[in-house]
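Okay, structure first, notes after.
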2 protein chains.
Amino acid sequence: MSSLTTAASLVLTLTEAGNRVSRRLDHTLAIHGISFTEFRVLHQLAQAPGETLRRVDLAEAVGLTASGVTRLLNPMEKIHLVEKERNPRDARVSLVRLSATGKEIYGDALASFSQRAEDLAVGLPGDRMVELGEQLNRLA
Amino acid sequence: MSSLTTAASLVLTLTEAGNRVSRRLDHTLAIHGISFTEFRVLHQLAQAPGETLRRVDLAEAVGLTASGVTRLLNPMEKIHLVEKERNPRDARVSLVRLSATGKEIYGDALASFSQRAEDLAVGLPGDRMVELGEQLNRLA
DNA sequence: GTGTAATAATTGCGAACTCAATTATTAAAC
DNA sequence: GTTTAATAATTGAGTTCGCAATTATTACAC
């Protein structure tokens with residue numbers, strides 16, 4: 001029926017699953033007033049040393065372009081989820097830091113997110129999940 | 001370091017890998033003048049009986065909303081990749097069929113796509129790929 | 001030190017979507 | 001046989017990006 005190689009088939013499955021899951025999480029996080037992409041930004045900042053990152057590094061971490069990050073952060077600054085900060089050593093870079101408000105929202109959203117993720121992953125044994133994650137990282 | 005459950009971590013990895021891979025394939029397919037999403041549409045039609053599908057079913061298959069499908073198909077009809085057809089039994093549904101041109105473009109694009117997919121999946125043993133695909137389908 | 005290249009961020013423009021509401025048609029209830 | 005509900009597709013309005021070009025700043029070569 002399908003004239004696809006195994007790799008081709010896998011890539012299609014991956015992107016479809018990714019889209020599906022993203023949309024579901026967007027809906028889940030809407031309760032907290034943030035999108036799934038915004039959640040990922042908050043998460044990366046929360047993990048970063050000093051809760052601060054350069055825009056390029058943030059872009060790489062969440063899988064966006066630098067342009068996309070600029071546009072995404074603008075509204076997030078306005079509602080004070082993150083704060084802009086300049087780097088005294090290099091005037092080209094502008095750092096982004098998680099604010100107190102952002103930290104709070106992140107904590108709340110994380111609970112919803114984790115719960116939903118568990119639901120989505122039901123049916124996969126825990127050890128499989130770890131292996132699955134490792135293999136996904138090896139893709140691309 | 002990361003205060004995430006295994007499932008939460010997996011979901012993040014999945015969506016990031018999905019975004020990354022989608023963007024790469026978009027670039028690869030640009031040579032043929034189509035986006036990755038358009039390729040997926042052509043692929044689903046090529047596999048369908050009579051190379052024809054209803055719009056809702058196509059939406060489900062490629063992971064878009066019905067609205068998204070309408071907007072996506074408009075330009076594809078204009079350049080004659082697909083053809084619109086009405087269902088004599090039910091005037092609500094409008095069927096989409098792969099055209100001869102569409103079939104040709106699909107064949108060319110499929111070669112590029114498969115090649116790129118192989119490159120992306122290098123480092124994963126073939127039997128792992130099959131298992132990985134099955135597990136991804138169980139998500140969501 | 002001056003000119004050239006590299007790096008960081010932003011902006012103009014457009015493309016690709018989503019959601020909510022709308023239109024058209026068919027099915028179901030009674 | 002009418003209402004009422006369900007289904008299929010489209011449209012209006014808005015969001016979220018990407019790419020290419022631009023601006024600003026730093027590093028490098030010589």
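So that the names make sense, note that chain A is the first sequence line, chain B the second, and so on, each numbered from 1.
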Notebook entry, point to check: Can you check side chain to side chain contact (heavy atoms under 4.5 Å, CB included) on B/L10 and A/V130, steps first, answer last?
Noted result: CA-CA 7 Å; B/L10 173 61; A/V130 176; over 6 Å; no
Margin query: Can you tell me if B/T37 touches the phosphate of C/dC17, counting only side-chain N or O atoms and a distance under 4.0 Å to OP1 or OP2?
Written below: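 Yes, because at least one side-chain N or O of B/T37 sits under 4.0 Å from OP1 or OP2 of C/dC17.
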Note to self: Does C/dT10 have its OP1 or OP2 closer than 4.0 Å to a side-chain nitrogen or oxygen of A/K84?
What the structure shows: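 So the side chain of A/K84 is within the cut-off, an N or O lying under 4.0 Å from OP1 or OP2 of C/dT10.
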Once you round it to whole Å, what is the distance between [atom2] of [N] and [atom1] of [X]?
{"X": "A/R20", "N": "C/dT18", "atom1": "CZ", "atom2": "P", "answer": "14 Å"}
{"X": "A/D26", "N": "D/dT15", "atom1": "CG", "atom2": "C1'", "answer": "11 Å"}
{"X": "B/R55", "N": "D/dT7", "atom1": "CZ", "atom2": "C1'", "answer": "15 Å"}
{"X": "B/L58", "N": "D/dA8", "atom1": "CG", "atom2": "P", "answer": "14 Å"}
{"X": "B/N87", "N": "C/dT25", "atom1": "CG", "atom2": "P", "answer": "13 Å"}
{"X": "B/R71", "N": "C/dT18", "atom1": "CZ", "atom2": "C1'", "answer": "9 Å"}
{"X": "B/E77", "N": "D/dT10", "atom1": "CD", "atom2": "C1'", "answer": "12 Å"}
{"X": "B/M76", "N": "C/dA16", "atom1": "CE", "atom2": "P", "answer": "11 Å"}

Note to self: Using a heavy-atom cut-off of 4.0 Å across all strands, would you classify A/A91 as base, sugar-phosphate, or nothing?
What the structure shows: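 Sugar-phosphate, no base atom in range.
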Measuring from the side chain of [X] (C-beta onward, heavy atoms only), which nucleotide among [options] has the closest atom?
{"X": "B/S94", "options": "C/dA8, C/dA9, D/dT10", "value": "D/dT10"}
{"X": "A/R54", "options": "C/dT11, C/dA8, C/dT26", "value": "C/dA8"}
{"X": "B/L64", "options": "C/dT18, D/dC17, D/dT10", "value": "C/dT18"}
{"X": "B/A66", "options": "D/dT10, C/dT18, D/dC17", "value": "D/dT10"}

Note to self: Should the side chain of A/S35 and the base of D/dT16 be counted as holding a donor-acceptor pair, with the cut-off at 3.5 Å?
What the structure shows: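 No such pair is found, so the answer is no.
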Next item on the list: Kindly say whether, by distance alone, the side chain of A/T70 makes a donor-acceptor pair under 3.5 Å with the base of C/dT11?
Entry: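 No, no donor-acceptor pair under 3.5 Å.
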Checklist line | 5'-most by nearest nucleotide on DNA chain D - A/L72 or B/L73 | finding: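 On the 5' side of the pair lies B/L73.
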Note to self: Please compare B/L95 and A/S67 by the position of their nearest nucleotide in DNA chain D and report the one closer to 5'.
What the structure shows: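 Its nucleotide being nearer the 5' end, the pick is B/L95.
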Notebook entry, point to check: What string of B, S and - do you get for nucleotides 1-6 of chain D 5' to 3' if you count protein non-hydrogen atoms under 4.0 Å?
Noted result: -----B
Notebook entry, point to check: Hey, does B/T37 have a side-chain heavy atom less than 4.5 Å from the side chain of B/L64?
Noted result: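 Heavy-atom side-chain distance check passes, below 4.5 Å.
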Margin query: Check the orientation of B/H43 and B/Y106. Use parallel for under 30°, tilted for 30 to 60°, and perpendicular for over 60°.
Written below: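 Because their plane-to-plane angle lies in the 30° to 60° range, the rings of B/H43 and B/Y106 count as tilted.
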Next item on the list: May I ask you to decide if the ring planes of A/F113 and A/F36 are parallel, tilted or perpendicular, using 30° and 60° as cut-offs?
Entry: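 Rings of A/F113 and A/F36: parallel, as their planes differ by under 30°.
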Margin query: Can a donor-acceptor pair be found, under 3.5 Å and without considering hydrogens, that links the side chain of A/T15 to the backbone of B/G18?
Written below: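 Answer holds: no.
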Next item on the list: List the steps, then state whether side chain to side chain contact (heavy atoms under 4.5 Å, CB included) holds for B/D108 with B/I31.
Entry: CA-CA 10 Å; B/D108 296 346; B/I31 307 168; over 6 Å; no
Notebook entry, point to check: More than 12 heavy atoms of other residues, nucleotides or ligands under 6.0 Å from CD of B/E104: is that the case?
Noted result: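 Not buried by this count: 12 neighbours or fewer within 6.0 Å.
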Note to self: I want to confirm an ordering. Mapping A/H27 and A/V93 to their closest nucleotides on DNA chain C, which one lands closer to the 5' end?
What the structure shows: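 Looking at the nearest nucleotide for each, A/V93 comes out on the 5' side.
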Item checked: Residues A/E118 and B/T5: side-chain donor-acceptor under 3.5 angstrom ->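 Result is yes, a qualifying pair exists.
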